[in-house]
Trainee: 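Dumping the structure here so I can ask a few things about it.
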Amino acid sequence: MRRTSLALRITVVCLAIAAVAVVVAGLVAARLIRTTGIDVLRQSLSAQADVVASQLDETGIGNRLGIGKAAEVVRGQGIDVVVRRPNGSLDGAGTVASIAATKAGFTRSDTVVVEGQQYLVEGRAVGAKGAAFALVQSTKLGEARGRMLVRNTVFALGAGLAVAAIAGLVLSRMLSRPLRRAASVANGMRSGRRDLRVPVEGPSEVADVAKSVNELADALQYSEARQREFLLSVSHELRTPLTAVTGFAEAIGDGVAEGEDARRAGQTIHREAARLERLVSDLLELARLGADEFRLDPARLDLAALVGECADVWRLRCAQQNVTLLVERPDGEVPVIADPRRLRQVVDGLAENALRVTPAGAPIVFSLVAAEGQARLAVRDGGPGLAPEDYPVAFERGVLNKRYRDSRPVGSGIGLALAHGLVTRMGGTLTAGPAPEGGAAFTVAFRLG
């Protein structure tokens, strides 16, 4: 489904708001203009009535020529003058103006309707003998002026609406331009580009979008670089056993290796195949850690007993390489909640890493301490250890493998990452640091259960 652009939406919203404001302002203005026009007309009529009244006396009202020259001026402005003489007779009796003046009573200001037309009446008494006059004017003049003002107001409001439309269009383009750039960069990233960045500009919300896209590009670039390094590391680890398996298999197949040599070749092939199997298993486990299908079976277990079981297995393997295995653990039970099989996998992996780098005559220590509501199991070794800057990144895939594979025996590069992921999924922590024995110490911590 094709979606409308942000620029169009902003323009439409600005136009809609401006249109509503114009309509409301127009309606209010029209009402005010009409009322004001009539009020101004009434004030003018009242002032003229006062002027006429000031020029009259009791004898002047009976003059056949009318009520004075002032009346002639008033009539020239389209205002009717109705005179009521002392004997009660009306000049111009029967006219619409006289009817309106009679309704108003000649002595007050009023608004009357005659034959469907509205009239303003300003009446004034003259002398004490009942003489009076009234100025009568139709409201059409005021309404005409009001309509003219309304037209002018509508024109002004229309101009304001046009300005609002232009401003909305300009504003929408200004706001949407950074977003269009961000979308363009995102499309480039989708196509594999990692060198594109979005200029950080515009309002804070738009700038936040640009920053987020740039941070995403940086994260993708870093992640993909790490993946390439990891693949190179894994490829290096795979190449060595594959080369050995291929070479010895060819020797057996060609009949070069016979008797005792063939037996040793078979043992080598078996050993390297097992190494390949462990590497593939680690890769699969690491991939499953981030998937919903990864299964854990947490249960209450005695960590002291698990350390004892691991020590029984690893004591023999350490003795084969003239390495001493020391066990430090409390006498009582150390209960924790964890998956026994996965936790055993973590301890075995840490022990294998320790044995790989520990020279003959140096110790490996399983140290279990229960204190402050935590059980901490440390696997320490007397090997060369790590550089201080390597401990914080020890659990990142392939980092230690890349840095140390040319100077010491290393594993697949994913064992520590797998161990860290397993411990984290079980609710514990796995940290790395220097060991008192001179090598490295990897500590698994769980809350006491």
Side-chain angles (χ1 to χ4, degrees), residues 1-18 163-239 279-280 282-294 389-406 412-418 420-422 424-425:
M1 181 179 66
R2 184 176 178 83
R3 298 182 181 271
T4 57
S5 66
L6 178 61
L8 179 59
R9 293 188 181 187
I10 293 177
T11 303
V12 170
V13 170
C14 289
L15 280 174
I17 294 174
V163 171
I166 296 173
L169 182 60
V170 173
L171 176 63
S172 64
R173 290 187 177 276
M174 290 177 59
L175 290 178
S176 62
R177 185 183 299 114
L179 296 179
R180 289 197 301 270
R181 290 177 179 172
S184 177
V185 170
N187 290 330
M189 292 167 56
R190 183 181 61 183
S191 302
R193 296 283 301 275
R194 295 294 180 263
D195 59 330
L196 301 176
R197 296 297 182 270
V198 184
V200 180
E201 59 185 10
S204 60
E205 295 83 359
V206 178
D208 289 341
V209 173
K211 290 179 182 178
S212 299
V213 173
N214 292 339
E215 291 172 358
L216 176 60
D218 293 337
L220 286 174
Q221 191 173 26
Y222 177 76
S223 175
E224 290 177 356
R226 292 295 308 279
Q227 288 178 6
R228 285 192 295 271
E229 293 176 1
F230 176 68
L231 289 175
L232 290 174
S233 175
V234 171
S235 299
H236 181 273
E237 289 298 316
L238 289 172
R239 188 178 296 113
L279 178 59
V280 173
D282 287 348
L283 286 172
L284 290 175
E285 292 286 359
L286 192 61
R288 289 172 182 154
L289 270 176
D292 294 336
E293 63 189 42
F294 186 80
E389 64 272 15
D390 289 336
Y391 288 111
V393 297
F395 303 110
E396 297 184 13
R397 293 180 299 180
V399 173
L400 298 185
N401 181 286
K402 179 182 178 182
R403 295 185 182 180
Y404 294 102
R405 65 189 176 195
D406 296 330
S412 63
I414 59 176
L416 287 176
L418 176 60
H420 184 269
L422 288 172
T424 302
R425 288 291 293 267

Trainee: So which heavy atom on A394 is nearest to which on L400, and how close?
Mentor: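 That would be O-CD1, 3.8 Å.
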
Trainee: Please report the closest heavy-atom contact between K211 and V200, naming both atoms and the distance.
Mentor: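 So the two residues come closest at CE-CG1, 3.8 Å.
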
Trainee: In chain order, what residues pass the side-chain hydrogen bond (donor to acceptor under 3.5 Å, both in side chains) check against D390, with sequence neighbours excluded?
Mentor: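 If we apply the side-chain hydrogen bond (donor to acceptor under 3.5 Å, both in side chains) test to D390, skipping adjacent residues, the hits are R403, Y404.
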
Trainee: Does P392 have any side chain to side chain contact (heavy atoms under 4.5 Å, CB included) partners at least two apart in sequence or in another chain, and if so, which?
Mentor: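 Side chain to side chain contact (heavy atoms under 4.5 Å, CB included) check on P392 returns nothing, list empty.
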
Trainee: Please name the pair of heavy atoms, one in V198 and one in A210, separated by the smallest distance, quoted to 0.1 Å.
Mentor: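 Heavy-atom minimum between the residues: CG1-CB, 3.7 Å.
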
Trainee: Counting distance only, does the side-chain N/O of N214 pair as donor-acceptor with the main-chain N or O of R197 below 3.5 Å?
Mentor: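 No; zero donor-acceptor contacts below 3.5 Å.
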
